Amino acid sequence: MADSIIELRRLRKEYFNVVALADVDLSIPGGEIYGLIGPNGAGKTTLLRILATTLEPTAGCVLLEGKDLWDDPLAARRTTGFMPDFFQVYRDLTVREFLNFFALAHGLRGGERTRRVADVIRLIGLEEKADALCKGLSRGMVQRLGLGRAILHKPRLLLLDEPASGLDPLARKRLFDVLQYVRSGGATIVISSHILAELSDLCTSVGIMDRGVFLEAGPTEQVIRRLLPRRKLQLRVLEGSQAAAVRFLEQRESVSELQTDTMLLRFDFEGDDETVADLLRDLIARNVRVVLFQESASSLHEAYLRIAERSSHVANQ
Amino acid sequence: MWPINNPLIYRGVRSSFGRSGFWGWMLGLGLFMGFIFVCIYIDASEDVSRHLTHGNQVSLSQLTGYRYAWFCFGLELFVAIFVTLWIMGDSVVQERKQNTHEFLETLPLHPLRKALGLLLGRCTWALIVVALAGAVGTISALIGEVEMERILWLHAIALSGFIASGFLGLLASLGLGRMSLGGLAAIVFLLLSMGISSALLGEKTVILPLLPLAPLACLGWSMIPVHELPPLIQQNAFHFYSLPVPWQAGPVAFYLFLAVVFFLSAGRGLARPDAARSPRWQGLIGLALFHGLLVGFLADNVRRAAEVCLHSPNYSSLESAEAVVAICLAYLAGFGAVILLWMILQTPTMDKAAAWMRHRPRGPRGNTIVRGLFDDGSPSWFAGLLIWGITLAVTLAINQYFFQARISARVLLAVAGVWALFLLGYASLFQAGVLTSRLAGFLVGILFIAACLLGPSLLAMVTESISPLYATPVGMLEHIEDLVEPSSAQAAKEAWIAVMKNAFSGLIILVIGQGLCALRLATLGYGEPSARENRQADGAAAS
């Protein structure tokens with residue numbers, strides 16, 4: 001695939017007799033924010049570490065922009081930014097010195113390095129702490145510094161392992177804002193996280209992993225559709241229209257699990273976007289006065305639970 | 001241009017310079033070197049007066065310069081080879097402990113460039129000390145009329161030894177994963193050096209490379225009574241200056257060869273950073289093996305040194321047993337100093353120290369030693385103290401029973417007692433210091449050394465005319481000999497004064513340390529833990 005930034009070919013990683021990745025095939029197109037989802041021990045961190053060249057695969061290969069990652073790992077490191085799950089800092093350096101350290105490693109020199117470090121400090125919102133020692137930073141600040149370090153050299157591929165764990169909602173929002181900014185610069189981001197609601201908003205594609213294999217992978221919407229063919233719709237009508245709406249919905253085969261709460265109706269619906277539009281048109285044609293008609297957005301979480309249950313069931317059998 | 005723009009060097013320089021700790025270390029080093037200079041100057045002036053009474057003309061500046069150069073070169077080689085190896089033995093291990101080894105792995109640098117950066121970056125302080133000691137040593141040696149050619153060869157040995165031991169330490173840190181195993185590698189490295197030097201230079205020169213490497217060489221030298229030595233300024237004296245020039249290339253070539261081998265191996269190790277780490281028990285076995293080798297090594301070298309002393313026309317007045325005892329005690333004193341340095345380098349953070357001190361489920365003494373050996377979170381200097389004691393006992397026992405070097409039990413007890421008192425005093429001050437901050441813990445270490453050196457010496461200079469160097473805990477060993485077989489009533493009296501004074505100083509340090517520690521714990525609100533708290537802590541540790 002010409003537009004894939006990463007391509008995994010029968011990638012396998014074993015730790016002694018434990019298989020962390022079992023002959024995985026995957027392709028991630030450029031410019032995506034790709035979410036890796038899975039329970040602990042699914043193989044997410046192993047995959048990210050292999051992509052960051054800190055682990056060697058047991059078998060198979062990884063193509064980064066069409067070239068084998070392990071043919072020239074130094075070149076791969078120049079293209080990639082990595083933030084591990086337990087990010088630490090050099091406690092005896094200041095924030096600016098810490099970033100300068102990595103800027104030097106990536107070949108930035110003189111004025112260019114100074115400017116880039118200042119830009120990143122501004123981007124991650126640590127201007128006030130720029131000349132403070134890293135050992136005085138809070139957890140959230142360390143996470144931001146870790147992100148700053150990963151994006152310092154403008155990588156084309158950014159790998160983030162649980163970047164939002166332990167962050168408060170405001171810090172999380174800032175983190176995701178920075179990620180959107182990085183993506184707007186053309187970078188591809190691979191992110192693993194347990195916070196599925198946020199991944200759902202952020203990620204353009206997701207891969208659901210368990211026991212070293214991908215159970216599902218693709219654009220977020222398509223994955224959700226495949227796993228949850230029934231949409232969860234909400235309808236709110238004006239007083240007097242409720243009975244007509246209920247009557248109409250009960251007659252439709254594509255509608256199930258109808259629940260009513262005064263003027264609010266919730267139901268599952270099986271169909272594509274066109275049939276959803278048809279449903280709304282028919283409701284209005286029957287003089288149902290619609291105030292609100294929308295689809296629930298928390299579906300990635302349910303999709304993940306559905307597939308996790310299925311996987312667990314298969315494993316038990 | 002590898003060294004320039006190497007981020008690992010940048011990090012080393014940034015974290016060393018401009019921090020308050022750096023100037024503290026430099027001040028401590030300056031004071032230490034100044035103190036030794038004063039001691040050597042006083043000794044030299046006494047010797048010059050003695051020679052004048054015998055009608056010999058000896059220049060004071062020449063004698064002082066010559067002796068001080070010996071100290072400076074000893075310090076230079078000690079730091080370049082031993083300290084560097086210890087620092088590098090901890091390099092990758094420390095990164096793993098701090099969970100920052102990921103940085104090393106993902107830096108887009110060639111592995112050999114990383115190895116070079118780690119060496120120069122982490123050993124910035126060591127290099128400064130080497131440069132300073134080397135420069136002062138060179139000036140002193142020129143004043144002492146040592147030929148420039150010999151000085152340059154010595155610097156070449158130091159530099160090549162620095163590179164070889166640095167990369168060896170890095171290799172040990174990468175592959176073995178523990179600082180103690182870095183120490184094990186050190187002794188193997190030294191034994192190799194000895195073997196090769198012996199093969200190159202002949203049987204009698206086997207200890208030649210050892211002498212400049214001996215910890216605090218000047219103190220070791222001071223163990224041999226000065227009045228029994230011929231003027232050290234003579235040619236053919238017993239040390240490395242007398243080595244014929246072409247043969248000095250041997251150790252340099254050997255070290256350079258090892259440097260290249262270790263450099264390339266370390267590069268390979270850094271290219272594969274996910275090497276497995278050694279478990280704790282392997283580290284302890286390595287540590288035990290290291291000390292076993294050290295004991296044998298010391299005992300053998302002491303014997304060889306005694307033999308060389310006896311065969312040298314300059315030492316004909318020494319008896320075998322005297323030489324063995326003197327050199328053996330000098331080594332033990334040096335080893336004690338190394339352990340002390342190790343303790344200081346192992347200073348834990350305040351949280352760890354407070355948590356460790358509060359948790360004493362099975363009584364303070366037994367538990368602290370056991371925890372010191374096995375618990376990652378506790379300061380490892382208890383293990384160091386214990387191992388130092390065992391090594392001391394075993395080394396002396398080997399000398400006593402296999403080499404018939406009679407060392408009195410009273411001497412052993414006095415030496416061990418005073419050293420233990422000082423180390424316990426240090427431990428107390430250390431506890432108090434580290435409860436304030438990690439920097440305070442370091443400063444306590446420095447102040448302790450200053451107190452050991454300066455306290456008894458100042459006391460000695462004020463109260464009676466004992467040479468300041470001999471009044472220190474190390475110098476005291478010289479006088480201890482007079483406890484057993486006093487040459488005169490005055491000598492016996494001086495020996496007792498020296499021992500009592502050191503014991504008194506140690507006791508004072510201990511009392512002050514304990515008092516400060518108790519005060520600090522009370523201020524922080526820490527009391528003795530209850531049985532319930534201990535059970536909870538045990539449960540937490542188990543989970």
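Convention: sequence-line order gives letters A, B, ...; per-chain numbering from 1. What you see is a predicted model, and the numbers here were worked out from it, not measured in a lab.
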Applying a criterion of heavy atom separation less than 4.5 Å, what residues of residues 78-85 of chain A form contacts with chain B?
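The stretch touches chain B at A:Arg78, A:Phe82, A:Pro84.
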
For A:Leu74 and B:Leu109, which heavy atoms make the closest approach, and how far apart are they?
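Smallest heavy-atom distance, with atoms named: CD2-O, 3.2 Å.
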
How long is the straight-line distance from [atom2] of [Y] back to [atom1] of [X], given to the nearest 0.5 Å?
X        : Y        : atom1 : atom2 : answer
B:Leu8   : A:Leu104 : CG    : CG    : 10.0 Å
B:Arg11  : A:Leu93  : CZ    : CG    : 6.0 Å
A:Glu97  : B:Tyr10  : CD    : OH    : 5.0 Å
B:Glu95  : A:Gln88  : CD    : CD    : 11.5 Å
A:His106 : B:Leu107 : NE2   : CG    : 7.0 Å

Start with the C-alpha distance between B:Thr106 and A:Phe102, add both sets of side-chain angles, then the distance that settles side chain to side chain contact (heavy atoms under 4.5 Å, CB included), and finish with yes or no.
CA-CA 10 Å; B:Thr106 53; A:Phe102 290 100; 5.5 Å; no

Worked verdict on B:Phe103 versus A:Phe101 for ring-ring contact (aromatic ring centres under 6.0 Å, His included):
CA-CA 10 Å; B:Phe103 301 156; A:Phe101 171 84; 7.3 Å; no

With sequence neighbours excluded, give me every salt bridge (Lys or Arg N to Asp or Glu O under 4.0 Å) pair touching residues 138-150 of chain A.
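Non-adjacent pairs meeting salt bridge (Lys or Arg N to Asp or Glu O under 4.0 Å): zero.
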
Sequence neighbours excluded, every pair satisfying side-chain hydrogen bond (donor to acceptor under 3.5 Å, both in side chains) that has a member inside residues 180-191 of chain A
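Listed once each, the pairs would be none.
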
What residues form a side-chain hydrogen bond (donor to acceptor under 3.5 Å, both in side chains) with A:Asp72, not counting sequence neighbours?
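Here no residue qualifies.
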
Apply side chain to side chain contact (heavy atoms under 4.5 Å, CB included) to the pair B:Glu102 and A:Thr54, showing each step before the final yes or no.
CA-CA 7 Å; B:Glu102 205 91 52; A:Thr54 66; 3.7 Å; yes

